[in-house]
Protein chains: 2
Amino acid sequence: MATKIRDVAKAAGVSVATVSKVLNGYTTVNENTKERVLQFVKDMQFYPNSAARSLVGRRSMTIGIFLTTSLAHPFFNQILSGMEQALKSKGYDLIYLAQFSRSKDYSFVRHCQSRNAEGVVVFGFQREEMNFDELIRSGIPTVFIDLDVKQGRAGYISSDNEAATERTVQYLIGLHHHKISFLSGDKEAYASKQRLQGYRIGLERANIPYREDYIADGDFTRETGYLAMKTLLALPEPPTAVICCSDLSAVGALDAIHDAGLSVPEDISVIGFDDIEIASVIRPALTTVRQNMTMIGRRSIELLDELINDDALPPPEEIVPTELVIRGTSAIAKR
Amino acid sequence: MATKIRDVAKAAGVSVATVSKVLNGYTTVNENTKERVLQFVKDMQFYPNSAARSLVGRRSMTIGIFLTTSLAHPFFNQILSGMEQALKSKGYDLIYLAQFSRSKDYSFVRHCQSRNAEGVVVFGFQREEMNFDELIRSGIPTVFIDLDVKQGRAGYISSDNEAATERTVQYLIGLHHHKISFLSGDKEAYASKQRLQGYRIGLERANIPYREDYIADGDFTRETGYLAMKTLLALPEPPTAVICCSDLSAVGALDAIHDAGLSVPEDISVIGFDDIEIASVIRPALTTVRQNMTMIGRRSIELLDELINDDALPPPEEIVPTELVIRGTSAIAKR
DNA sequence: TTGTAAGCGTTATCAT
DNA sequence: ATGATAACGCTTACAA
């Protein structure tokens, strides 16, 4: 059986109330008693039962996470790894709310409450995909990753998608590209929209007209990247550079380009997004926008912790810088 | 505020005990009352508070997971995705025990107890790396992934590492390779040991002598794969085929081979392990052993569930089949 | 078939 | 400075 507060109290010759006070940092306890109690807590390896704690309304030190694993999340490891540091230093454990379902009966809020989660991180969803309104209205501290919700007690964190593509466009223009395509991820995805926006701004700043036919649809996967690139190549005036919404779709685009007998970067420059491991492994290595997923993971927890500890705090909105990593798939435009 | 059992009872005009009985599947409750209660439970979106439930000794429906994220786990997503299905169907949520620490004071057991985890999955550790003895002795149902613990209430699940490399050796011998190297992962890792064992058996069955100098050290990463391959290439009689312990180290090996001015598969055949996305993206695509991580994830939860529900159950030991995926980095040995 | 009430381990209020 | 004790939301004898 696990050690209980009662056992510790008995051993230390004090009441449970005193032990509890020591553990909860009350200053009204004698220094000597405190020392003794702490010693027993340590020796007896007393870990307070979190259920009992939650029940009396004390902090549960639990953060919930809602996740779609059905989608491909090539970097959830990195996010988790980033989260871990923050969770440790703030003292939380993380509960993956697997019972989440898409059925009408399901309630985010009820689920969180039943698990006594103090706050929740949401990752991998699109805005309209789920009924997040109930969650947002509930006042449960929430941090969305890659979804711009900023309302009540719900804020978000994401990469600087817009700035990233704007910079990428500038970079390509610097290489004398004028026919620049944008290979979109899922058009409904927040990240895709932001990146498209940055693309438009980039062109505008350089006085290059925006062409509808230079926008190709995809959904972040290699397969759609391939298909989309084929379409672009079939254009009467195909692009000399293409900005992709993911490294995977960039790989698909590269496949299509090779199949068409063209070469990269001589004929066409290709830029990815994410900087997953694949990017540096393929030949030529992929020029891409590196997302700092570790940072996003860490900060998501830190932001949530702040939200939990201060209910007057306005919803956070944090944009994490990306970095253009120039490798072998981009070069000066062919004359 | 969240709906409580008391609220439901009041609304349905019964006692809390009756509601509880309905929820816990007691048969001693009138069919009509049951229906009515269930209707209210649904309408009022009543989710029982799991802390209160755990406290009275009922099931917490919580499974813990200990993980090293410090190592690279390119497929934790897949494991999690496999787990998800099983968690859903069995009704568990998964708590990531982030407060885990390597300090002397830390106790796996206490941590699990304090969180009321009914069982725990352990992934990414080596046997001697942590003090698992306390956990194993505690009687907490435990499933280790990729670590052969089978004792008390702790069992394990892993790929058929040994058979996998034995089959790979056979395959290479079928291609007339006789000088076959083994590029090890971390030598202390369970998976590495098993794979080395399979390699030895494979050679033995074909009456090919085992050569110490054909074994190269690594740690699953691209960097050590590169270094190890360099060493092998510097041998007076270099191998014509090399079996790597991960796809990443295979990529490193390929780099070294190219740097030496040799080509794959013409001069040397290279086989990876894992079948991560990179394997099918590189050119030539990597011949590799595919691990079914989704299956491992799903089964780890199912096994744990069985262990939880039957305390007479002997510790499980489940070996998940792998599959040799033949692509472009393996060919008939050069004459 | 239903209800009453004790108890799970902890915190917090109120005495002492 | 310390200790009794009610309360948290639920399950489960036991009583009715």
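Proteins come first, then strands; the chains are lettered A, B, ... in the order of their sequence lines, and each starts at number 1.
Within residues 42-62 of chain B, the residues having any heavy atom closer than 4.0 Å to DNA chain C are, in order of number, B/Leu55, B/Val56.
Counting only N and O atoms by type, the side chains of A/Arg298 and A/Asn292 include no donor and acceptor under 3.5 Å apart. Checking B/Ser60 against B/Arg115 by side-chain atom types alone, no donor-acceptor pair falls below 3.5 Å. Residues A/Thr3 and A/Gln45 have side chains that never bring a donor and an acceptor to within less than 3.5 angstrom of each other.
OP1 and OP2 of D/dT2 both lie 4.0 Å or more from every side-chain N or O belonging to A/Ser15. Side-chain N/O atoms of B/Thr18 include none lying less than 4.0 angstrom from OP1 or OP2 on C/dT2.
Counting to the nearest Å, the P atom of D/dC14 and the OH atom of B/Tyr26 are 12 Å from each other. Rounding to whole angstrom units, CD of residue B/Glu35 and P of C/dT1 are separated by 14 Å. Rounded to an integer number of Å, the gap from CG of A/Asp7 to P of C/dC8 is 12 Å. Counting to the nearest Å, the C1' atom of D/dT2 and the NZ atom of A/Lys34 are 16 Å from each other. Between A/Asn116 atom CG and C/dT11 atom P there is a gap of 14 Å when expressed in whole angstrom units. Put simply, CG on B/Asn32 is 14 Å from C1' on C/dT2, counting in whole angstrom units. Between A/Leu23 atom CG and C/dG9 atom P the separation is 16 Å, expressed in whole Å. In this structure, the CG atom of B/Asn24 is 18 Å from the P atom of D/dG9, given to the nearest Å.
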### From CA spacing to verdict: ring-ring contact (aromatic ring centres under 6.0 Å, His included), A/Tyr106, A/Phe100
CA-CA 7 Å; A/Tyr106 178 78; A/Phe100 145 74; 5.8 Å; yes

#### Entry: A/Arg53 and A/Asn116: CA distance, side-chain angles, deciding distance, side-chain hydrogen bond (donor to acceptor under 3.5 Å, both in side chains) verdict
CA-CA 10 Å; A/Arg53 263 196 165 169; A/Asn116 299 290; over 6 Å; no

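Picking from D/dT11, C/dT2, C/dT4 the nucleotide with the shortest atom distance to the side chain of B/Ala17 gives C/dT4. Proximity note for B/Lys4 (side chain, C-beta onward) versus D/dC10, C/dT2, C/dT10: the nearest is D/dC10.
A/Phe132 and A/Phe144 have their aromatic ring centers within a separation under 6.0 angstrom.
A/Lys34 NZ: 12 or fewer foreign heavy atoms inside a 6.0 Å radius.
Take the nearest nucleotide of DNA chain D for A/Thr33 and for A/Val16: the residue whose nucleotide is more 5' is A/Thr33.
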